[in-house]
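This report concerns only the one structure given below.
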There are 2 protein chains.
Amino acid sequence: MGQAATIKDVAQRAGCGVATASRVLNDTGPASAEMRKRVMAAADALDFQFSDVGRSLQSSTTRTIGCIVPSIENPVYADAVQGAQAVFLNAGYQMLLICTNYSVESEIHAVRTLIAKQVDGILLTVGDAQNSEGLDLIRRRQVPHSLLFNAAPAGQRSWSVDDHAAAAAVADAFAENNHAHTGFLALNFLSSDRARHRYEGFAERCAERGMAPPALLEVDDDGLDLTARLQDFLAAHPELTGIFASNDFLALAAIRSARRLFIDVPGDLSIVGFDGIKVGQMVEPSLATIVTTPRVLGAGAGETVLSMIDGSAPPDVPQKDQTFSFRAGGSLAPLTAESKDDGKVAAFPSPDDPTRKTAKSNRRDQHEI
Amino acid sequence: MGQAATIKDVAQRAGCGVATASRVLNDTGPASAEMRKRVMAAADALDFQFSDVGRSLQSSTTRTIGCIVPSIENPVYADAVQGAQAVFLNAGYQMLLICTNYSVESEIHAVRTLIAKQVDGILLTVGDAQNSEGLDLIRRRQVPHSLLFNAAPAGQRSWSVDDHAAAAAVADAFAENNHAHTGFLALNFLSSDRARHRYEGFAERCAERGMAPPALLEVDDDGLDLTARLQDFLAAHPELTGIFASNDFLALAAIRSARRLFIDVPGDLSIVGFDGIKVGQMVEPSLATIVTTPRVLGAGAGETVLSMIDGSAPPDVPQKDQTFSFRAGGSLAPLTAESKDDGKVAAFPSPDDPTRKTAKSNRRDQHEI
DNA sequence: GTGAAAGCGCTAACAG
DNA sequence: CTGTTAGCGCTTTCAC
């Protein structure tokens, strides 16, 4: 398709200079009705379309914004990307998408590529916003950009969930349901500051609430292996009655694994997720989770980038405590006498009530089936 | 960031011509060790990076491939896009992504935009491959491209699931489980040739199997409204014992709706989905469905586009019957005596056995709670 | 109202 | 080995 018509061809065919052709085609500047007609006819006949690359070179603007996210297989990022895209498209911008697959090395490569492509702005989620080579490069080049899902580095803004506070809310939920011994289940713990912040927020609030420090279980994937890992984990920590999974898929996978291990959710074990993906409400038991609004964050971050480009006032980032909400669900139930098998009744056990033994023995029974 | 260094700046600083600078920076053509050093130093000092825009203009190639899909909120497309992206990135190509939100009008707009951007190729899923203005434009401009998920138009190739055959396999599954009266639940039926092909394939096989023609229920969204729609639908078609949903989300939503209507799945109603998304195996009952491999298709389509660009032999599209497989699941159960409440026993009802009355009465009982 | 020409960043052909 | 130059498609002065 190298033989596409250029504006020169159009001008030639219309019998005029390229400037005139440019003027009428862009409807900028004067032109006689006659010329107008001739140019339009020529453009039509040649099936002419402007080349943005010529334009970009001339204007040093590409009307393209780069977007770097870990993976759109995760609906959280997919939604955010779509939200941003809608904003961009609406403003006449295109989106160059790069998924890093959670690899920090490809982050820097992606940034370089986008800068080479002269994108007008960049929207990105990095592994660790405090220490990101890619982010440094962007700053050095002063490319308009906005972070997404990363906690804002000092003095910066970011469209993100307050992972710390949200995780604390999960601890609260466990506390209110009388769970004192919990676990934290994480994927990509090392490569993601999000997971770490969630762990920290959770652990801190657990401490404040007088609960035991959460036991940590890191996994590499949410596939079949999880069942074995979970079994070992629960065997090593028999006192656990609740698990906070760092995202909903993991939570769902944990529920499935529990089912295979004959552990009743929420009877024997309560599980809480994070993200609020759609399917969480379709399953039985429904998933208790932190609901976030990725689409809104993506759109907001997109608008922020656009505002940096055209110098207008950036939209306000949402209040930290409005970036999430806790959604109750069937996967989290109060730890009460019914969930014990020792027959003892404790209507309102205090948060630090050592209910561990009962939960433990209950589960162990199941294990030994 | 308009003040980025250009190759001219580098040349100037290195005290040489731009050609020399270009040669050493690209490692193309000869250069003395001395010059080499000076140029590298200059580039380094200026933090120089090539501008792809200048390059593109000069080479009339952008190393960018456009990708048009309905929505990456659907994991099927998200996976396909990621599969394609991996291939592109690996070959040094970037991806410009446009989601059309299932709007046919935005398809043509997207195509125009991509052509203006001079993408080297296009990967796309259109609403109807037989009649797509966007696709026509692409062909007219002879842009290397590949269809994805659309049935191939005459004489063309496409990386897609054989929707027709896959849907027929669903009919087979229902038949083998003695269901004779089924429904087809569709979303975006009008704007998607995929949904239509699935319906046709399903209906045809139902006929071949001596089953009743499937009743059609079209919905606009898979949200809460579905429950009411489903209730009306089942009331209007009391003989139904199985529903084939045109995608897994819809199937999951249908299961949830059924739960709310006190209809037992699969006891009163069997449900089969389409796509094979991950969560289908995490839920209880697990979802019987058609498993597809979006990532593979996306990667294949991506390679096809690349091969068209560099003139190499395109990869073979998979055999039609290898683009899907049926996965049994708890949401589809045989229609047997146990699923009836009239007490009659029929060990092996023939496919056209009118089991309708019993299934109907069973469900009606529930409705009237 | 119109056109010639410069120049955006880069590469490649051609002289030196 | 190295520098000059033309030109990719476009917009935009600036004369006419």
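All values below come from the heavy atoms of this structure, side chains included, with hydrogens, waters and symmetry mates left out. Residue numbers begin at 1 in each chain, while the letters A, B, ... track the order of the sequences.
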**OP:** Could you check whether A:D52 gets within reach of a base, just the sugar-phosphate, or nothing at all, counting any heavy atom under 4.0 Å?
**Re:** nothing
Subject >> Position toward the 5' end of DNA chain D (nearest nucleotide), B:V18 or A:T20 >> reply: B:V18
**OP:** Measure from the side-chain heavy atoms of A:S51 and tell me the nearest of D:dC14, C:dG9, D:dC10.
**Re:** D:dC10
**OP:** Using whole Å, report how far CG of B:L57 lies from C1' of D:dA6.
**Re:** 13 Å
Original post:
Which nucleotide, C:dA12, C:dT11, C:dG3, lies nearest any side-chain atom of A:C16?
Top reply: C:dG3
**OP:** Verify the contact: side-chain N or O of B:S59 to OP1 or OP2 of C:dT11, cut-off strictly under 4.0 Å; return yes or no.
**Re:** no
Subject >> Side chain of B:R23 (C-beta onward), nearest among C:dT11, C:dC14, C:dG9 >> reply: C:dC14
**OP:** Quickly work out the A:F50 CZ to D:dG9 P distance and round it to whole Å.
**Re:** 13 Å
Original post:
Does a nitrogen or oxygen in the side chain of B:K8 sit under 4.0 Å from OP1 or OP2 of C:dG7?
Top reply: no
**OP:** Given side chain to side chain donor-acceptor pair (under 3.5 Å), test B:S312 with B:D310 step by step and report yes or no.
**Re:** CA-CA 6 Å; B:S312 63; B:D310 68 15; 2.7 Å; yes
Subject >> Within residues 30-40 of chain B, residues whose heavy atoms come under 4.0 Å of DNA chain D >> reply: B:P30, B:A31, B:S32, B:M35
Subject >> Donor-acceptor contact present, side-chain A:S71 to main-chain A:N101, <3.5 Å >> reply: no
**OP:** For A:G17, report the nucleic acid contact type (base, sugar-phosphate, nothing); a contact means any heavy atom under 4.0 Å.
**Re:** sugar-phosphate
Original post:
Would you say the side-chain atoms of A:R55 pair up with the backbone N or O of A:T62, donor to acceptor, closer than 3.5 Å?
Top reply: no
**OP:** To the nearest 0.5 Å, tell me how far B:L147 CG sits from B:W159 CH2.
**Re:** 13.0 Å
Original post:
Under the 3.5 angstrom rule, does the side chain of A:S32 hit a backbone N or O of A:M35 as a donor-acceptor pair?
Top reply: yes
